[in-house]
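These notes concern the structure reproduced below.
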Number of protein chains: 2
Amino acid sequence: MSRRRVTISDVAELAGVSYQTVSRVVNNKPDVSESTRKRIQKIIKETGYRPSQIARSLVTARTATIGLVVPDISNPFFSAVARGVEQLAYSQGYSILLCNTGEDVTRELDVLHTLHERYVDGVIVCGLRQEDALLQEALANFKAAVLVNRRLQGEPVPAVLIDDELGGYLNTQHLIQLGHTAIGFLAGPAASYSGTQRRLGYSRALVEAGILLEEKWITNFTPTVSDGEAAAEVMLQANPELTALICHNDLMAVGALRYCAASGRRVPEDIAIIGFDDIMLATLVSPPLSTCHVPRVEVGRIAASMLIEQINDKADWSDEIVIQPHLVIRASTAAPAGVSDDAIMQPTPDHIPLG
Amino acid sequence: MSRRRVTISDVAELAGVSYQTVSRVVNNKPDVSESTRKRIQKIIKETGYRPSQIARSLVTARTATIGLVVPDISNPFFSAVARGVEQLAYSQGYSILLCNTGEDVTRELDVLHTLHERYVDGVIVCGLRQEDALLQEALANFKAAVLVNRRLQGEPVPAVLIDDELGGYLNTQHLIQLGHTAIGFLAGPAASYSGTQRRLGYSRALVEAGILLEEKWITNFTPTVSDGEAAAEVMLQANPELTALICHNDLMAVGALRYCAASGRRVPEDIAIIGFDDIMLATLVSPPLSTCHVPRVEVGRIAASMLIEQINDKADWSDEIVIQPHLVIRASTAAPAGVSDDAIMQPTPDHIPLG
DNA sequence: TCAAAAACCGTGAACGTTCACGAAACGTAT
DNA sequence: ATACGTTTCGTGAACGTTCACGGTTTTTGA
């Protein structure tokens, strides 16, 4: 049962001073004697007085709150980002308002409006499907905003991006260095920005190595375990010449792993598999999955710190930070059959942080 | 870049009416003619006016916000609960303020204070380590509160509980029915409420089957994969007679699975393993993990609906809902060596929903 | 010892709403 | 036409703070 709320005036009355004096000690500002300060602090403690952030916000026009909008908080990627955001935000005295969009475009705008009504000091938006112009318009309502994994042309909005092109490149290069030349690409949804970027990196590594890009070695599926399983089946049955599979993310890679196990293919001996993201699951399947690590919590932290700098006018409105993923080589990738060990080009050391 | 905020008075002026009239159409209340209503609505749309939830909260003493405090949002269990909370909250017009405690007791109180300062209409707290009296005290600041997976004596606080005792019982019973009699228990932290409950269920099933409870078959570890691995090693080396392992949760079970793989023990032939929670990972490891399914999103939804009922004074302050978990039998459990198939007592059908 | 400067404290206004009134305008029945 | 009920709208206060002042009292310096 809740008790009556104690206000600043209650405290003031008890202390026999004006509310202004209490305000001063609450925000520990000068111009109040040490004795009355102590007295007021004592009363505050006794009464359990807490200043109303609401009233405070009304006059200061700051809420010390940031909005975080994600497609789905139960998705491990976004919950990790959320963790990072929360960590940094909390350390700076900010709270976070969490909104899920469920990939729904109208709901995206809706939550942005809600956040606006709530006077959040800024927003961090992840993975919005919204088209550029509308997103731009909706974001204009905020003092500060940062995008995660998306960029916006026109008036630029700060963003933290993952270098997906590099990731796709590193994955492919790794396989090439192991001696693979017939490398399939189990891509995510064709509409996905990061998907197309990773595919670009795949192409670049291929042409760089002088390997012909075969369109039939690429297929699009949704990034889930079950679809990864299906994709691997389709791909490997249609193209038995493949010795390696690059997957859009770890979930698909796990699916591919499952298909290989079910169809009697050995990994990595018969077929090498590499994923993307480095989720916890990647270390737990067998064989442990080689993958491209993206530091998700870090992404959240960086996004939050960019946002807070913006809020404090310390930052350019147009910053853009791109985070470089790196290879994590585990047991699901190896040289293809028929390639002797010493013929393999070793990856350069900076690509092999300890997993 | 943010534009100047447009207020209710701006709209009123443009429409040539008083702010009160605008307020009426915003909250679509009666007492305004259809013509001026239309006119005002048009202006609102043109100016992009959004009422200040802050100012509104100040006078109504309601924020349409609920606080959600969890140990760690990146933990799949809590992010699923969060998803459920958010779903239901959003459908009722509530936003959620997310707070992580990081299992830190002082920070728990801290976030509760923050939430209080922000006038949230209620709080949902998950997995707090706080001792009863202090928690009680902190919760008294809120109009409404519901606990997840914890109960509080004294003045009762509504709670949604998972019947951990039942879960522990079901897991154990399942193994007994398969013919196991030497069943180890890899428990979570000794301080964990759900941990002790599950252990109670373990004991109950054992005595019910007339099996002597051996204290040395129980060990406490933290509920992580690596600790599960360590726990399995300690347990199995000290007690080679064990044919089955019940784990506090799926993460520990996966750890146990890993230890078994590393030490050359076959699962389920040499040792049966069962987990708790039914996280996605459970379906993906090999062998797929038998476990006790906990409907996490559902837990969140129920908690949110209880809270909102409380906020609207529709509910008893002392409700308590306990959710029954159920067995999901996969491939990590089977009869111990030496027990013929037809000697096995079949579990009753309602214990075997399709996985 | 007296003015000037600190140190300390209080008052009025404002932030953007909602709520409880009251007032004006309009029609309707007598 | 008079009175009265509706409909429509506006006014004053309040919510709990902070901010910009202004006013006392006390201390300081020569």
Side-chain angles (χ1 to χ4, degrees), chain A residues 2-41 43-44 47-65 114 116-121 141 143, chain B residues 2-41 43-44 47-65 114 116-121 141 143:
Chain A
S2 80
R3 36 198 169 206
R4 198 186 87 76
R5 201 117 191 163
V6 20
T7 75
I8 202 173
S9 308
D10 296 334
V11 176
E13 195 166 355
L14 285 176
V17 294
S18 78
Y19 52 82
Q20 180 58 260
T21 306
V22 178
S23 173
R24 277 192 261 262
V25 354
V26 168
N27 304 325
N28 40 355
K29 291 190 173 173
D31 290 341
V32 36
S33 73
E34 207 48 37
S35 60
T36 70
R37 189 181 294 270
K38 285 269 184 284
R39 181 159 44 98
I40 291 176
Q41 278 166 342
I43 294 179
I44 287 178
T47 56
Y49 164 72
R50 296 270 155 186
S52 162
Q53 183 63 47
I54 298 288
R56 189 177 271 178
S57 295
L58 189 57
V59 28
T60 61
R62 295 180 91 263
T63 52
T65 304
T114 303
H116 180 216
E117 288 178 357
R118 285 164 193 276
Y119 275 61
V120 293
D121 294 336
N141 287 319
K143 271 212 310 259
Chain B
S2 79
R3 35 199 168 207
R4 199 186 84 76
R5 197 113 197 168
V6 20
T7 74
I8 202 173
S9 308
D10 296 333
V11 176
E13 195 166 357
L14 286 177
V17 296
S18 78
Y19 51 82
Q20 180 58 258
T21 306
V22 178
S23 173
R24 278 192 261 262
V25 354
V26 168
N27 305 326
N28 41 351
K29 291 191 174 171
D31 291 341
V32 36
S33 73
E34 207 48 39
S35 61
T36 71
R37 189 182 293 270
K38 284 269 184 283
R39 181 159 43 97
I40 291 176
Q41 278 166 343
I43 294 180
I44 287 178
T47 56
Y49 165 72
R50 297 268 155 186
S52 162
Q53 183 63 49
I54 299 288
R56 189 177 271 179
S57 295
L58 189 57
V59 29
T60 61
R62 296 179 91 262
T63 51
T65 304
T114 303
H116 180 216
E117 289 177 357
R118 285 165 192 275
Y119 274 63
V120 294
D121 295 336
N141 287 319
K143 271 213 307 260

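The chains referred to below are lettered A, B, ... by the order of the sequence lines, with proteins before strands, and numbering in each begins at 1.
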Practice task
Verify the contact: side-chain N or O of B:Ser33 to OP1 or OP2 of D:dT7, cut-off strictly under 4.0 Å; return yes or no.
Solution key: no
Handout entry: Interatomic distance where CZ belongs to A:Arg62 and C1' belongs to D:dT17 [whole Å]
Key = 15 Å
Exercise for the section: Hey, could you give me the OG1/CZ distance between A:Thr65 and B:Arg118, rounded to the nearest 0.5 Å? Expected result: 3.5 Å
Exercise for the section: Could you tell me whether A:Ser57 contacts a base, only the sugar-phosphate backbone, or nothing, with contacts defined as non-hydrogen atoms closer than 4.0 Å? Expected result: nothing
Problem - Donor on one side chain, acceptor on other, B:Ser52 and B:Arg5, under 3.5 Å - result: no
Practice task
Quickly work out the B:Leu58 CG to C:dT17 P distance and round it to whole Å.
Solution key: 12 Å
Problem - From CZ (B:Arg37) to OG1 (B:Thr21), nearest 0.5 Å - result: 10.5 Å
Practice task
Of all the heavy-atom pairs spanning B:Pro51 and B:Val26, show the shortest one and how long it is.
Solution key: CG-CG1, 4.1 Å
Problem - side-chain N/O A:Thr21 vs C:dC8 OP1/OP2, d < 4.0 Å - result: no
Handout entry: Protein-nucleotide distance (B:Glu34, atom CD; D:dT8, atom C1'), rounded to Å
Key = 13 Å
Problem - Length of the line joining B:Ile54:CD1 and C:dA14:C1', which is rounded to integer Å - result: 16 Å
Exercise for the section: Look up atom OH in B:Tyr119 and atom NZ in B:Lys143, then write down how far apart they are to the nearest 0.5 Å. Expected result: 10.5 Å
Polar pairs (N or O, both sides) under 3.5 Å between protein and nucleotides 23-28 of chain D?
none

Exercise for the section: Kindly compute the distance separating OG (B:Ser23) from CD1 (B:Ile40), expressed to the nearest 0.5 Å. Expected result: 10.0 Å
Handout entry: A:Ser18 side-chain N/O to C:dG10 phosphate OP1/OP2 under 4.0 Å
Key = yes
Exercise for the section: Would you mind reading off the bend of the helix from C:dT1-D:dA30 to C:dT30-D:dA1 from its two end axes, five pairs each, to 10 degrees? Expected result: 50°
Practice task
Could you tell me the separation between the CD1 atom of B:Ile44 and the CG atom of B:Asp10, rounded to the nearest 0.5 Å?
Solution key: 11.5 Å
Practice task
Starting from the C-alpha separation in whole Å, work towards a yes-or-no answer on side-chain contact (heavy atoms from CB on, under 4.5 Å) for B:Arg24 and B:Thr36.
Solution key: CA-CA 11 Å; B:Arg24 278 192 261 262; B:Thr36 71; over 6 Å; no
Problem - Distance in Å, A:Gln53 CD paired with A:Arg62 CZ, rounded so as to fall on 0.5 Å steps - result: 9.5 Å
Exercise for the section: Taking all non-hydrogen atoms of both residues into account, name the closest pair between B:Thr7 and B:Tyr49 and its distance. Expected result: C-CE1, 3.5 Å
Practice task
Search all heavy atoms of A:Asp121 against all heavy atoms of A:Ala64 and return the closest pair with its distance.
Solution key: OD2-N, 2.8 Å
Handout entry: B:Gln53 CD to C:dC15 P, straight-line distance once rounded to whole Å
Key = 19 Å
Practice task
Specify the separation, in whole Å, of atom CG of B:Asp31 and atom P of C:dA25.
Solution key: 17 Å
Listing time: all N or O pairs from protein to nucleotides 18-20 of chain D that are below 3.5 Å?
from	atom 1	to	atom 2	distance (Å)
D:dT18	OP1	A:Asn27	OD1	3.3
D:dT18	OP1	A:Asn27	ND2	3.0
D:dT18	OP1	A:Arg56	NE	3.0
D:dT18	OP1	A:Arg56	NH2	3.3
D:dT18	OP2	A:Ser23	OG	2.5
D:dC19	OP2	A:Lys29	NZ	2.8
D:dC19	N4	A:Gln20	NE2	2.3
D:dA20	N6	A:Gln20	NE2	3.2

Handout entry: Whole-Å distance separating the CD1 atom of A:Ile40 from the C1' atom of C:dC8
Key = 11 Å
Problem - Atom-pair distance (OH on A:Tyr119; C1' on C:dC15), nearest Å - result: 8 Å
